[in-house]
Amino acid sequence: MELALLMLLIALVIHYPRKSEAARIKRGDDLTPRIEVTFNDDYTEEMVLDTGASVTTITQDMAKTLKVKPVGEGVFILADGKEVKMPIGEVKSIEVGGAKVDNVKVAIGGGDARLGQNFYGDREVLIKRDVVEFRWRRSPSNFQFY
């Protein structure tokens, strides 16, 4: 009986991800929400939380620091409708407030660094006045107690 209970608890710990903590929002003069994002467990950068971006975009300088090598190219449609080509690379991990995704494709651009939906698309995103939370969605196959 004890062994069965232990195995059940181990399965729950492995299957259900931990609850993420809130990430503080910093706002500049343009009121755009910016949050601290950690790459590869040791490099932190302030990025725009972009709810309209499908892919996370890092700057050329970030790509150099993180040693991201382009592995392809993508065409992206910007908010103004303009199409741009950008190199695509991959980072080992992205983490915000305890929410972490491994092996993430990133676009390498020249503008602001932007956290896109390929990081948080499978989570509930709760944007408050001063914080943002990334929570796992509640579903039969992926349920977490809060």
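These values consider heavy atoms only, across backbone and side chains, with no hydrogens, waters or symmetry-generated copies. All of these numbers come straight from a predicted model, not from anything done at the bench.
In the hydrophobic clustering, M86 connects to V55, F76, L78, V84, I88, either directly or through intervening members, whenever side-chain heavy atoms lie under 4.5 Å apart.
Within the 4.5 Å cutoff, side-chain heavy atoms of R24 are placed close to those of D130. The closest side-chain heavy-atom distance from R135 to L126 is below 4.5 Å. Side-chain contact between V125 and V132: present, with at least one pair of heavy atoms (C-beta onward) separated by less than 4.5 Å. No side-chain heavy atom of E36 sits less than 4.5 Å from a side-chain heavy atom of V96. At a threshold of 4.5 Å between non-hydrogen side-chain atoms, the residues L115 and T56 count as touching.
E133 and R123 are not joined by a salt bridge, as no carboxylate oxygen comes within less than 4.0 angstrom of a charged side-chain nitrogen.
Both I127 and F119 are assigned to one and the same hydrophobic cluster, defined by single-linkage of ILVMFWY side chains at heavy-atom distances under 4.5 Å.
The salt bridge (charged side-chain N to carboxylate O under 4.0 Å, His left out) pairs that include a residue from residues 56-81 number zero, where partners must be two or more places apart or lie in different chains.
Atom CG of N118 is separated from atom NZ of K105 by 10.5 Å, given to the nearest 0.5 angstrom.
Ring orientation note: the planes of F134 and Y120 are tilted relative to one another, at an angle of 30° to 60°.
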Worksheet entry | Working for side-chain contact (heavy atoms from CB on, under 4.5 Å), residues V106 and L66 | CA-CA 12 Å; V106 294; L66 294 166; over 6 Å; no

Item to complete: I would like to know whether E90 and N103 meet side-chain contact (heavy atoms from CB on, under 4.5 Å); could you show each step before the answer?
Response: CA-CA 6 Å; E90 185 173 278; N103 305 315; 3.9 Å; yes

Can you give me every donor-acceptor pair (side chain of residues 37-50, partner residue at least two apart or in another chain, under 3.5 Å) with its distance?
unit_1	atom_1	unit_2	atom_2	d
T38	OG1	T44	OG1	3.3
N40	OD1	K92	N	2.8
N40	OD1	S93	N	3.1
D41	OD1	K100	NZ	2.8
Y43	OH	E45	OE1	2.5
D50	OD1	G52	N	2.9
D50	OD1	A53	N	3.3
D50	OD2	R114	NH1	3.1

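Between G109 and T57, the shortest heavy-atom contact is N-CG2, 3.8 Å. Taking all atoms of both residues into account, the shortest heavy-atom contact from I25 to R129 is CD1-O, 4.3 Å.
Put simply, the residue from I108, I94, T65 that forms a side chain to side chain contact (heavy atoms under 4.5 Å, CB included) with I58 is I108.
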